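Since the structure comes first, as structure tokens, the remarks are kept for the end.
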Amino acid sequence: MKHWLLKSEPGTFSIDDLAARPRKTSAWDGVRNYQARNMLRDSMKKGDTAFFYHSSCAVPGIAGIVSIVGNGYPDATAFDPKHAHYDPQSKPSEPRWYVVDVKLERKFTTVITLDELRKHADSELKDLIVLKRGNRLSVTPVTKKEWDFILSLE
DNA sequence: GCCAACGTTGGC
DNA sequence: GCCAACGTTGGC
């Protein structure tokens, strides 16, 4: 079982938005980056867990935990000309973009902030991708050690 | 295949 | 709003 970190702008889709969905489950859609796509399509598996990270907001940080409820499948929003994430180059016969379904497992009582994570950027979290400068990837792997350490910060 | 220009991300 | 960093595009 692997661990991941998924970024979302809470103004667009927050952990509370996920909590409000039926069965607290939603497709993680709109990812338009090949590296992230490959992980959604090929690497993420049912039973994996991921941190739900809030980016581009007042207090960036990890807001809770989701589980991956199934393997990747094509992102339907790419097929819809009226959708903001429409991509005419992605066709149902040859899909370019993928999603996984995620289910909210737990919302932290307080966000584990980016500031807090950075305090360990030279030690336990020195390889955490989200702490690397210039990092923009919205889907990143998290090692078991990083996962356990971050949970101990809650 | 190179690389400049452009658009986007995301912290501040 | 600013700007550094990055991915993608397109001309050559």
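So that the names make sense, note that chain A is the first sequence line, chain B the second, and so on, each numbered from 1. Since the structure is predicted, the reported quantities are computational estimates derived from the model, not experimental observations.
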Is any side-chain N of the basic residue among [X] and [Y] closer than 4.0 Å to the acidic one's carboxylate O?
X        : Y        : result
A:Arg106 : A:Glu154 : yes
A:Asp115 : A:Lys119 : no
A:Arg37  : A:Asp42  : no

Rounded to the nearest angstrom, tell me the gap between atom [atom1] in [X] and atom [atom2] in [N].
X        : N     : atom1 : atom2 : value
A:Arg96  : C:dT8 : CZ    : P     : 10 Å
A:Leu137 : C:dG7 : CG    : P     : 8 Å
A:His85  : B:dT9 : NE2   : P     : 8 Å
A:Glu9   : B:dT8 : CD    : C1'   : 10 Å
A:Lys132 : B:dT9 : NZ    : C1'   : 19 Å
A:Phe13  : B:dT9 : CZ    : C1'   : 19 Å
A:Tyr34  : B:dT8 : OH    : P     : 15 Å
A:Asn33  : B:dG7 : CG    : P     : 18 Å

Examine distances only and state if a side-chain atom of [X] and a backbone atom of [Y] form a donor-acceptor pair shorter than 3.5 Å.
X       : Y        : answer
A:Lys7  : A:Leu137 : yes
A:Asp48 : A:Lys2   : yes
A:Ser26 : A:Leu18  : no

Measuring to OP1 and OP2 of B:dT9, would you say a side-chain N or O of A:Lys7 lies under 4.0 angstrom away?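 No, no such contact exists.
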Does A:Tyr53 put a side-chain nitrogen or oxygen below 4.0 Å from OP1 or OP2 of B:dT9?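 Looking at the OP1 and OP2 atoms of B:dT9, neither is under 4.0 Å from any side-chain N or O of A:Tyr53.
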Strictly under 6.0 Å, is that where the ring centroids of A:Phe52 and A:Trp28 end up? yes
Just to be sure I understand the geometry, which residues of residues 111-127 of chain A put a non-hydrogen atom under 4.0 Å away from DNA chain B?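 Going residue by residue through residues 111-127 of chain A, the ones with a heavy atom under 4.0 Å of DNA chain B turn out to be A:Leu114, A:Arg118.
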So what does A:Ser56 hit on the nucleic acid, given a heavy-atom distance under 4.0 Å: a base, only sugar-phosphate, or nothing?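 Base, at least one base atom sits under 4.0 Å.
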